[in-house]
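Beneath this line is the structure, given in structure tokens, with notes to follow.
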Amino acid sequence: MSQHRIASFEFGRVIATMAIIALHSQIFMQAPLFDDQPLLGMGLNQISRFAVPLFFIIAGYFIQPRLTTERVPYLWRYARPLLIMWVLWSIIYLILPFNFHLVATEGYFTERLFYWQKLLTTPLNTLFEGGLVHLWYIPGLLSGLTIITVLLRLKLSRLIIPVATLLFIFGLMAGSYAQITELSSPIFTRNGPFFSTFMIMLGFEVRRRNISVSLKNSIIMMLVGFGLFIGEANYLSLQENGTFFHDFLFGTPLWALGIFFILLAKPNLGNYKIIHSLSKDVLGIYLCHLLIVIYYLNIISILNINPIIASLFAVPVVLTVSIIIVRCLRKTSITRYLVR
């Protein structure tokens, strides 16, 4: 990533990280209920879906100059520490238990064997995720960057947009829209290059072509994209065996790009010391937070804590504990490879 930091992008990354924590913590998904539906939780769940697409766009924006000029050597320098972190965190998640009750009643190895067998039922998909589901971000990021790098190396930069677009469309047709198209994919299409390549390409092309959008039009883009995303989610939920929850839909790029252009138009947004401090920990927080979420959910279940109270405290507790872990890991020579 470029050494030049833009305050608004750092702010965006911090907010996106908190959105991911909220999403994974399943806040307000048990209560309150309206007509027996957790409408508040469902809404917050979908609102949080901008986060990872925004991460991809920002990555494409910052990596564009050096990836264009240095190509494969720079990709390898960029990818190597990420791959090391992915492997190490995968090992951690394969070792540490998740279900306190099962460990207490059946033992550690029973709990772990159950999880390992679950991963082995879909080995190819597990390869694109790692030891825990959220780690898909790193293989997704690197597979998207690899495709763009190969096209640059072959002097086929004109194909970056069409290739990324085809991957995105297939990802949707064999993913969220598979119940309509009846297409299938060897891996869950959220993983791998299907969506990541397209989102990275957006940031890459914005930087390469020096594209800017006014604040007003950026807000309109964001709102239209979000409206389309929610409309699609509602439509798909009405189909047979449909669901309201989706990682990527046709509205996602417009929605995330609108947010990106807002941040680009307001570079001093969030220009505070605490944001700059937190932004340095974003990747580490992302990598470790889900374990904290899992343990947090175990504890509130054991203590039978009111779900509304648990939801209110989920993000601050998980974020705080994750920050402490990341900063402690960074202090030792052995564990510094777990964070960046």
Side-chain angles (χ1 to χ4, degrees), residues 20-21 23-26 29 45 49 52 56 79-147 167 170-179 181-197 241-243 245-248 283-284 286-299 301 318 322 325 329 335 337-339:
I20 289 170
I21 292 174
L23 173 68
H24 290 158
S25 299
Q26 303 175 38
M29 288 301 292
N45 181 290
R49 304 286 177 166
V52 172
F56 283 139
R80 185 173 178 272
L82 291 175
L83 286 171
I84 291 173
M85 285 188 285
W86 179 74
V87 170
L88 292 178
W89 279 104
S90 290
I91 293 172
I92 289 171
Y93 286 128
L94 289 173
I95 294 173
L96 293 178
F98 298 156
N99 190 319
F100 290 178
H101 176 73
L102 191 57
V103 170
T105 56
E106 302 292 336
Y108 168 82
F109 285 105
T110 298
E111 193 273 351
R112 285 292 81 194
L113 280 172
F114 177 79
Y115 183 66
W116 297 336
Q117 289 170 354
K118 179 182 176 183
L119 294 180
L120 289 173
T121 58
T122 55
L124 186 58
N125 203 59
T126 297
L127 180 64
F128 281 89
E129 288 184 355
L132 193 56
V133 61
H134 74 302
L135 296 180
W136 74 271
Y137 172 77
I138 290 179
L141 174 66
L142 297 182
S143 59
L145 288 174
T146 298
I147 289 172
L167 285 170
F170 176 81
L172 286 177
M173 294 299 100
S176 292
Y177 283 88
Q179 57 196 6
T181 65
E182 298 184 354
L183 288 176
S184 63
S185 170
I187 63 171
F188 183 33
T189 58
R190 180 204 56 194
N191 302 331
F194 301 105
F195 298 122
S196 62
T197 308
N241 300 320
T243 177
F245 304 106
H246 301 272
D247 294 296
F248 292 86
L283 181 57
Y286 181 87
L287 292 170
C288 78
H289 83 278
L290 193 50
L291 180 65
I292 313 306
V293 168
I294 292 170
Y295 286 176
Y296 180 79
L297 295 177
N298 270 271
I299 292 169
S301 176
V318 172
S322 297
I325 290 173
L329 290 174
T335 56
Y337 293 104
L338 292 168
V339 294

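The analysis underlying the following values was restricted to heavy atoms, covering all of them including side chains, and did not include hydrogens, waters or symmetry mates.
To the nearest 0.5 Å, the span separating CG on Leu338 from CD1 on Ile92 amounts to 4.5 Å.
Within the structure, salt bridge (charged side-chain N to carboxylate O under 4.0 Å, His left out) contacts touching residues 88-104 (residues at least two apart or in different chains) do not occur. Applying the salt bridge (charged side-chain N to carboxylate O under 4.0 Å, His left out) definition to pairs two or more places apart or across chains, none involves residues 289-298. Applying the side-chain hydrogen bond (donor to acceptor under 3.5 Å, both in side chains) definition to pairs two or more places apart or across chains, none involves residues 130-142. Applying the side-chain hydrogen bond (donor to acceptor under 3.5 Å, both in side chains) test to every pair with at least one member in residues 99-124, sequence neighbours left out, gives no pairs at all. Listed by first and then second residue, the salt bridge (charged side-chain N to carboxylate O under 4.0 Å, His left out) pairs that reach into residues 86-101 come to none, sequence neighbours excluded. For residues 181-192, the side-chain hydrogen bond (donor to acceptor under 3.5 Å, both in side chains) pairs, not counting sequence neighbours, are Asn125-Asn191, Glu129-Arg190, Glu129-Asn191.
For the ring-ring contact (aromatic ring centres under 6.0 Å, His included) test, residues two or more places apart in sequence or in another chain that qualify with Phe194 are Phe170. Partners of Tyr177 under the ring-ring contact (aromatic ring centres under 6.0 Å, His included) rule, at least two apart in sequence or in another chain, are Phe250. Looking at residues two or more places apart in sequence or on another chain, you find a side chain to side chain contact (heavy atoms under 4.5 Å, CB included) between Ser196 and Phe56, Ser143, Ile200. For Tyr337, the ring-ring contact (aromatic ring centres under 6.0 Å, His included) test picks out no residue, with sequence neighbours left out. Here Phe100 pairs with Tyr295 under the ring-ring contact (aromatic ring centres under 6.0 Å, His included) rule; sequence neighbours left out. Not counting sequence neighbours, the partners of Leu297 by the side chain to side chain contact (heavy atoms under 4.5 Å, CB included) test are Gln26, Val293, Ile300.
Counting heavy atoms from C-beta on, the side chains of Leu135 and Leu287 come closer than 4.5 Å.
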